[in-house]
Amino acid sequence: MEKVFSKKRLLKELNECPSYEGIDPTELAEKLAELAQIGKTEEEGVSRFPYTDEERQAKQLFSEWMKKIGLTVREDAIGNLLGRLEGEEPALPVVLTGSHLDSVPNGGVFDGPLGCVSSLLAIKALIQSNIPLKRSIELVVFVDEEGARFNNSLFGSRTMMGEVKKEDLKRFKDKNGNVLYEAMQENGFDPEHISSAFRNPDEIHAFLELHIEQGKRLEAEEKNIGVVNGIAGPVWMSFVFYGETDHAGNTPMEYRKDTVAAAGEFILAVEKIPRKYSETAVATVGKMHVFPNGTNVIAGKTELMVDARDIDENARDKILEALKSSAQKIAQKRGLSIEMKEEVKIPPVIVPDTIQDIIRSAAEKSGLTTITIPSGAGHDAMIMGKYVPSGMVFVPSHNGKSHSPEEWTFLSDCVSGLQVMKEALKQLANN
């Protein structure tokens, strides 16, 4: 069986796709396949970074698709792409929906693009149904969600919500030294007038985003749709153990102050602590540096970075305190010193019950099964949710693969998600 994306593989189960009014599974597959060609890598993945030719091509293609279904299209000062379907009462706050087209290096085809294409085709189906919509619906393709080029993730949504200022744009550089501010100018955008991209939250009724789960629960529990109840807020905290650098051969075990051994004990504690406080919490040591990093040297210094996150901010902060306490006890027991510092701390976002109910109702009406599920990964909905009622529809990720060429969601699951988006957007636009 193939392990990477191809249009042929996606269409293999065309006959197994559920049938819904106004939704063409072949069109969905073709649009995903067309986007997959832009920035395609040798490994059959995608590398599509902000303010590059590849991103420009993808946005131009998507812009043409929006115009073709009758949306009024514009691009704001930083490159967020928007298409508007006018409602019967255009003065009312708008329903916003969409995702992103940029990728991580050698990433997958579905992360971001599936959300954009699903919003597009959901709006198209609503147009074709001739169902009156009270509110206008706007489709947004956010620029630079991944942060792969400038280490400045969720840039488009943060800017839209007024979290980014003009002076911030000169602080970020890519690996070649290109400054974000200048890259924007070179691509025809206007960083001097970044404030024109700001949106008043009062003008937005709700935001809805479809995304692949990037995990294994939906597939493991054989459910069609994940109703996201919250987006976990991460804390990144550094822990540095200080001991003594000694010879690995001539220092007896009882005289060592080995920081790697301390780090190992701490890593096991990091694995166990989250479940003591929350069923949805997670914590990970994904980065570690050992000094001096020699095979025959007892390390006198070891640095670790812990990522801890949960949708319950109180539980997450208790986990953080438990991690600090554990590190201190391990250091004290081993005769070491410890240095701890919070590097990043972002509050979680809870999805309002009203939005969850709309998504759940849309799924049930369409004959689809659901589970309530937290999002451990960050998304543009996390930023939007700080200011306006926001929700997320998850569809299964085969084997939980994401951010890799092996990222895969079966066409039937894509179609199911699209159907839920259609029904949920219709309900949001009429309430």
Side-chain angles (χ1 to χ4, degrees), residues 104 146-155 158 163-165 167-168 170-175 180 230-246 256-278 280-294 297-349 374-378 382-383 386:
V104 297
E146 297 288 4
R149 182 179 178 190
F150 294 101
N151 296 312
N152 186 30
S153 62
L154 304 168
F155 175 58
R158 288 191 298 111
E163 293 187 2
V164 180
K165 307 304 179 189
E167 51 270 25
D168 296 330
K170 296 183 179 179
R171 295 192 296 110
F172 295 97
K173 298 179 180 180
D174 65 15
K175 63 181 182 180
L180 173 57
I231 304 172
V235 173
W236 290 359
M237 187 162 186
S238 62
F239 293 81
V240 186
F241 290 96
Y242 294 95
E244 292 181 2
T245 302
D246 286 304
R256 298 180 178 210
K257 292 188 176 181
D258 187 343
T259 60
V260 171
E265 187 176 348
F266 179 60
I267 290 169
L268 292 176
V270 171
E271 185 180 43
K272 295 175 182 176
I273 285 172
R275 282 297 183 266
K276 295 179 180 179
Y277 298 90
S278 170
T280 55
V282 294
T284 307
V285 177
K287 186 177 182 180
M288 185 168 82
H289 295 294
V290 177
F291 301 90
N293 202 32
V297 182
I298 299 166
K301 175 184 173 183
T302 300
E303 298 177 348
L304 305 95
M305 185 70 76
V306 176
D307 176 315
R309 54 182 78 193
D310 194 20
I311 60 173
D312 182 333
E313 189 168 14
N314 183 52
R316 184 199 65 182
D317 291 346
K318 287 181 179 178
I319 290 167
L320 196 60
E321 290 306 311
L323 292 172
K324 292 177 185 176
S325 175
S326 177
Q328 288 171 333
K329 288 177 181 177
I330 290 168
Q332 184 176 11
K333 178 181 68 175
R334 291 176 173 274
L336 311 177
S337 59
I338 180 77
E339 183 179 283
M340 300 176 285
K341 181 182 178 183
E342 285 185 11
E343 306 289 349
V344 173
K345 193 172 188 178
I346 299 172
V349 170
S375 173
M382 180 173 70
I383 301 300
K386 292 160 63 176

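Counting begins at 1 with the first residue of the sequence.
With contacts defined as side-chain heavy-atom distances shorter than 4.5 Å, the pair E342/K324 qualifies. In this structure the side chain of I346 reaches within 4.5 angstrom of the side chain of P234, judged on heavy atoms. Residues R316 and V235 are in side-chain contact: their nearest non-hydrogen atoms beyond the backbone lie under 4.5 Å apart.
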Exercise. How far apart are the C-alpha atoms of K345 and D317, what are their side-chain angles, what is the distance that settles it, and do they pass the side chain to side chain contact (heavy atoms under 4.5 Å, CB included) test?
Worked result: CA-CA 10 Å; K345 193 172 188 178; D317 291 346; 3.5 Å; yes
For this session: Apply the test side chain to side chain donor-acceptor pair (under 3.5 Å) to residues S278 and D310: give CA-CA distance (whole Å), side-chain angles for both, the deciding distance (0.1 Å), then the verdict.
Result: CA-CA 8 Å; S278 170; D310 194 20; 2.7 Å; yes
Problem set entry | CA sep, side-chain torsions, deciding dist, call: F172, R149, side chain to side chain contact (heavy atoms under 4.5 Å, CB included) | CA-CA 9 Å; F172 295 97; R149 182 179 178 190; over 6 Å; no
For this session: Take E163 and I383 through the test side chain to side chain contact (heavy atoms under 4.5 Å, CB included) and record every step on the way to the result.
Result: CA-CA 9 Å; E163 293 187 2; I383 301 300; 4.3 Å; yes
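Within a 6.0 Å sphere centred on NZ of K386, other residues, nucleotides and ligands contribute more than 12 heavy atoms. A 6.0 Å sphere centred on CD of E343 holds more than 12 heavy atoms belonging to other residues, nucleotides or ligands. By the neighbour-count criterion of 12 heavy atoms within 6.0 Å, atom NZ of K341 is sparsely surrounded, having that number or fewer from other residues, nucleotides or ligands.
Atom CE of residue M288 and atom CD of residue E303 lie 11.0 Å apart, to the nearest 0.5 angstrom. Taken to the nearest 0.5 Å, the NZ atom of K276 stands 14.0 Å off from the NZ atom of K318. In this structure, CG in D258 is found 7.0 Å from OG1 in T302, a value given to the nearest 0.5 Å. Here the straight-line distance linking atom CG of L304 with atom OG1 of T259 works out to 9.0 Å at 0.5 Å rounding.
Under the side chain to side chain contact (heavy atoms under 4.5 Å, CB included) test applied with L336, the options K257, E244, K301 reduce to a single match, K257.
In plain terms, the two heavy atoms of A269 and S326 that are nearest each other are CB-OG, 3.4 Å. The shortest heavy-atom contact between N314 and D312 is N-OD1, 3.0 Å. Heavy-atom minimum distance, D174 versus F150: N-CD2, 3.6 Å. Between I273 and I319, the closest heavy-atom pair is CG2-CG2, 4.0 Å. Of all the heavy atoms in F241 and A327, the pair that sits closest is CE2-O, 3.8 Å. Contact detail for A232 and R309: the closest heavy-atom pair is CB-CB, 3.9 Å.
With hydrogens and angles disregarded, a donor-acceptor distance shorter than 3.5 Å links the side chain of R158 to the backbone of S153. The backbone N or O of A281 lies less than 3.5 Å from a partner atom in the side chain of R275, making a donor-acceptor pair. Of the possible polar contacts, none joining the R256 side chain to the I298 backbone as a donor-acceptor pair under 3.5 Å is found.
For T245, the side chain to side chain contact (heavy atoms under 4.5 Å, CB included) test picks out P292, V297, with sequence neighbours left out. Judged as a side chain to side chain contact (heavy atoms under 4.5 Å, CB included), and not counting sequence neighbours, the contacts of E271 are L268.
Residues T284 and D307 bring no donor and acceptor atom of their side chains to less than 3.5 Å of each other. There is no side-chain donor-acceptor pair under 3.5 Å between N152 and R171.
Taking the six-membered ring where tryptophan is involved, the planes of F239 and F266 are tilted, since the angle between them lies from 30° to 60°.
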